[in-house]
*Asks:* 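Let me give you the structure first, and then I'll get to my questions.
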Amino acid sequence: MTAQPTQQTRRIWVFIEQEDGAPHPVSWELLGAARRLAAELDAEHAVVEGVLLGHQVAPIAQEAFRYGASRVYLIDDPVLALYRNLPYAAGVSRLVQSYQPEIFLVGATTLGRDLASAIATRVQTGLTADCTELTIDPKQQILAATRPTFGGNLMATILCRQRRPQMATVRPRVLPMPQPLAEAAGELIREPLDMAEEEVPVRRLRLIPSQQQLNLEYADVIVAGGRGLGGPDGLPLLEELAQALGGVLGVSRPLVDAGWVSAEHQVGQTGKTVRPKLYIAAGISGAVQHRVGMSGADFILAINSDPQAPIFQVADLGIVGDLYQVAPELIRQVRALQGGDDHVR
Amino acid sequence: MHTVVAIKQVPDTSNVRINPDTGTLIREGAPVIINPYDVHALEMAVRLKERFGGKVTVLTMGPPKAAEALVECIEQGADRGILITDRKFAAADTLATSYVIAHAIEAIQAEEPVDLLLFGKQAIDGDTAQVGPGVASRLDVPLISYAIQIEAFDPAARRAIVHRRIEQGIEVLETSLPALLTVEKEIAAIRRAPLPNLIRAAGYQPEVWSADAPNPFDPASIGIKGSPTIVGKAFTPPPKEAGELVHVADVGLAAAVSTALAKIAAAGVVATLPAGAKGGSP
């Protein structure tokens, strides 16, 4: 199945992000997009390939094959055990120079953003951050990368006409997760790092883990609160509703700015992009900065006392009413539907 | 101890208005501010100066109007402000911008060694977070992005310990100096500017650097020529068709909620809600 590289091979690369041997799912989302781009660009000559760095991470390459990479370039070295900008950027940049991919996609995670700008600068090419849509411009046959700008008030489609690779980052959950193949084979190309630990000017002394591992980006149900809560006291109510639905708590930015809740709960332009199956927005007016982070949800229920609130424009269903009445009633009815174990009928 | 802080004057994006017909930004009357993260970067620099002595240099690339942002930085405690402005810099993308800032820092460094470079984690107009890391790569200095705290700083031993926020928690890194940090707001809380600073700022004129003087920039690396990316088109996000509205005041609380739950169940999106549900009985 592996495409033999020829003069005409057009490589579309995806950075396979891993930390402590665990691949970040955004890598698979990007491989899905890369396959679509390959078909749009040149079904005959375009190939999708992964780039993987770390220490003892070769098994991740097998997963990359299942998500559509025909080849994975692996730099496996103890210096790369923990992510650090310099050795990762140097290693990937050399791969880029050797193999000259046409397009290179990286996840817009903390790690990916840190890395992608360093690579783009080293290889002197264009990089478009936080894209929400990637297509091939049919006329020019180049990547058209669309992203929100000015706080989500404006969308811009960015082109990189001459230099290669055309680089773009995409946040987790912006692109759909593709179905992996049950079995797939690919070619593993090992490359050396050629950098000694002494050459790296930064070292990790320790990691203070987050108290809670909140996986907001990949939650199926999110119950989110906004300024309409009026105070931090309403948050336990929304947490209870989230729990009843098997979900987690999200918030809009003002609640984080007010110090009511930690930033890891924040949805929106300066927080997380989420794509849950159900998003309940309670007391969120729905400024564009919030909407860009949650409008990809499958079903949006908005609760707001103001029928003019912009959140209703993106909602599948809106309840106009007081969230302090609606949320308890939701909890009661959800529990009743689920069999009402702890509910008095 | 010499810290260089790079700042950007940006439109206040919480107040941005878009012309719905043209899909472009309405710039007239749009208030401009110093990018909020950059203000905290400067504050950190001023605090280090208070502790170790030395000076703080602030530079920005932008239109002539950005001089006022540098005056604000003097109020906050900066010693020197440099405005890099020239029509030749216009339409720079992040690659061209990082070239200009890095080249300017090299010129500053030639006059006076630099121990630390501080940038905001990103600018709120573009939100790319690319210029700081790009400058670090160009200058070949260690990069620590998303920094939230400087735990230890030793200019004599040329080492620092910095906390940065990553997805798994807080990573504590030791780095050699000079290093480049891009900072979150927690790095340092903003204080009120003291009176002597205000007096000094009132008469302060920032230095103005053009593309040609006092330090010539490579014409092929600046502005449109130095920018590999261009904006193909810009547009306002297309509005989605709004869903149904149920008013509690009209149908009552229980009915409004059961209608919602029935719709969610019918959409089959939530495993914890049985798909056949018609809404909870009161």
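Atoms considered below: every heavy atom in the structure, side chains included; atoms not considered: hydrogens, waters and symmetry mates. Keep in mind the model is a prediction, meaning the values are calculated, not measured. Here is the naming used below: chain letters follow the sequence lines, and residue numbers restart at 1 for every chain.
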*Asks:* Who among A/L82, A/T109, A/D130 has the most heavy-atom pairs with chain B under 4.5 Å?
*Replies:* A/T109
*Asks:* Using heavy-atom distances under 4.5 Å, tell me whether A/P307 contacts chain B through its side chain, its backbone, both, or neither.
*Replies:* both
*Asks:* Roughly how far, to the nearest 0.5 Å, is OG of B/S137 from CD of A/Q124?
*Replies:* 10.0 Å
*Asks:* Go through A/V326, A/T169, A/L86 and name the one with the most non-hydrogen pairs under 4.5 angstrom from chain B.
*Replies:* A/V326
*Asks:* Side chain, backbone, both or neither: which part of A/R253 has a heavy atom under 4.5 Å from chain B?
*Replies:* side chain
*Asks:* Do you know which two heavy atoms are closest between B/T229 and A/G126, and how far apart they sit?
*Replies:* CG2-CA, 3.5 Å
*Asks:* Just so I understand: if I count every heavy-atom pair under 4.5 Å between each of B/T175, B/L173, B/D250 and chain A, which residue has the most?
*Replies:* B/L173
*Asks:* Under 4.5 Å heavy-atom distance to chain A, tell me which part of B/L95 shows up: side chain, backbone, both or neither.
*Replies:* side chain
*Asks:* State the CG-OG1 distance between B/L143 and A/T121, to the nearest 0.5 angstrom.
*Replies:* 10.0 Å
*Asks:* Using non-hydrogen atoms and a 4.5 Å limit, figure out which bit of A/V221 sits close to chain B: side chain, backbone, both or neither.
*Replies:* side chain
*Asks:* For the residue pair A/A156 and B/V231, what are the closest heavy atoms and their distance?
*Replies:* CB-CG1, 4.2 Å
*Asks:* Please determine, among A/T125, A/D20, A/V200, the option with the most heavy-atom pairs under 4.5 Å with chain B.
*Replies:* A/T125
*Asks:* Who among A/P201, A/C160, A/G321 has the most heavy-atom pairs with chain B under 4.5 Å?
*Replies:* A/P201
*Asks:* Could you tell me which portion of A/R291 (side chain, backbone, both or neither) has an atom closer than 4.5 angstrom to a non-hydrogen atom of chain B?
*Replies:* neither
*Asks:* Would A/L111 and B/I166 count as a side-chain contact (heavy atoms from CB on, under 4.5 Å) if you check the C-alpha gap in whole Å, the side-chain angles of each, and the deciding distance to 0.1 Å?
*Replies:* CA-CA 8 Å; A/L111 189 163; B/I166 61 173; over 6 Å; no
*Asks:* For B/A254, does its backbone N or O pair with a side-chain atom of A/Q333 as donor and acceptor, under 3.5 Å?
*Replies:* yes
*Asks:* So with a 6.0 Å cut-off around CD1 of B/I190, is the heavy-atom count from everything else above 12?
*Replies:* yes
*Asks:* So which atom in B/G169 and which in A/S210 form the shortest heavy-atom distance, rounded to 0.1 Å?
*Replies:* CA-OG, 3.4 Å
*Asks:* Report the residues that fulfil side chain to side chain donor-acceptor pair (under 3.5 Å) with A/Q243, sequence neighbours left out, ordered by chain and then residue number.
*Replies:* none
*Asks:* Go through the steps to decide whether B/I170 and A/L207 satisfy the test side-chain contact (heavy atoms from CB on, under 4.5 Å), and finish with yes or no.
*Replies:* CA-CA 6 Å; B/I170 294 164; A/L207 177 75; 5.9 Å; no
*Asks:* Is A/D114 paired with B/R164 through a side-chain N to carboxylate O contact shorter than 4.0 Å?
*Replies:* yes
*Asks:* Chain B: which of A/Q325, A/Q162, A/K277 shares the most heavy-atom pairs with it under 4.5 Å?
*Replies:* A/K277
*Asks:* A/A89 versus chain B, heavy atoms under 4.5 Å apart: side chain, backbone, both or neither?
*Replies:* neither
*Asks:* For a quick test of reading the model, state the closest non-hydrogen atom pair linking B/Q130 to A/A129 and the distance between them.
*Replies:* NE2-CB, 3.3 Å
*Asks:* Charged N to carboxylate O under 4.0 angstrom, B/E151 versus A/R206?
*Replies:* yes
*Asks:* Quick check on B/A267 against chain A: is it the side chain, the backbone, both or neither that has a heavy atom closer than 4.5 Å?
*Replies:* side chain
*Asks:* Looking at B/D140, B/I230, B/V248, which has the largest count of heavy-atom pairs under 4.5 Å with chain A?
*Replies:* B/I230
*Asks:* Using non-hydrogen atoms only, which part of B/R159 is less than 4.5 Å away from chain A: side chain, backbone, both, or neither?
*Replies:* side chain
*Asks:* Where the side chain of A/T149 meets the backbone of B/D125, is there a donor-acceptor pair that is under 3.5 Å apart?
*Replies:* yes
*Asks:* Apply side-chain contact (heavy atoms from CB on, under 4.5 Å) to residues A/R332 and B/V257 and explain how you reach the verdict.
*Replies:* CA-CA 10 Å; A/R332 199 186 66 77; B/V257 167; over 6 Å; no
*Asks:* Kindly give the heavy-atom pair with the smallest separation between A/L301 and B/A260, and that separation in Å.
*Replies:* CD1-CB, 4.0 Å
*Asks:* In Å and rounded to the nearest 0.5 Å, what is the CG to CD distance from A/L205 to B/E174?
*Replies:* 5.5 Å
*Asks:* Could you check whether any side-chain heavy atom of B/V246 comes within less than 4.5 Å of a side-chain heavy atom of A/V320, counting everything from C-beta outward?
*Replies:* no
*Asks:* Could you grab the distance from atom CG of A/D316 to atom CD1 of B/I264, nearest 0.5 Å is fine?
*Replies:* 9.5 Å
*Asks:* So which part of A/R203 gets closer than 4.5 Å to some heavy atom of chain B, the side chain, the backbone, both or neither?
*Replies:* both
*Asks:* Mind ranking A/L127, A/D220, A/T270 by heavy-atom pairs under 4.5 Å with chain B and telling me who comes out on top?
*Replies:* A/L127
*Asks:* Which one wins on heavy-atom pair count under 4.5 Å against chain A: B/G134, B/G226, B/A136?
*Replies:* B/G134
*Asks:* Keeping B/E167 on the side-chain end and A/T110 on the backbone end, is there a donor-acceptor pair under 3.5 Å?
*Replies:* yes
*Asks:* What distance do A/R113 atom CZ and B/K121 atom NZ have between them, rounded to the nearest 0.5 Å?
*Replies:* 7.5 Å
*Asks:* Which heavy atom of B/E171 sits nearest a heavy atom of A/Y83, and at what distance?
*Replies:* OE2-O, 4.2 Å
*Asks:* Find the distance between CG (A/N85) and OG (B/S145) and round it off to the nearest 0.5 Å.
*Replies:* 7.0 Å
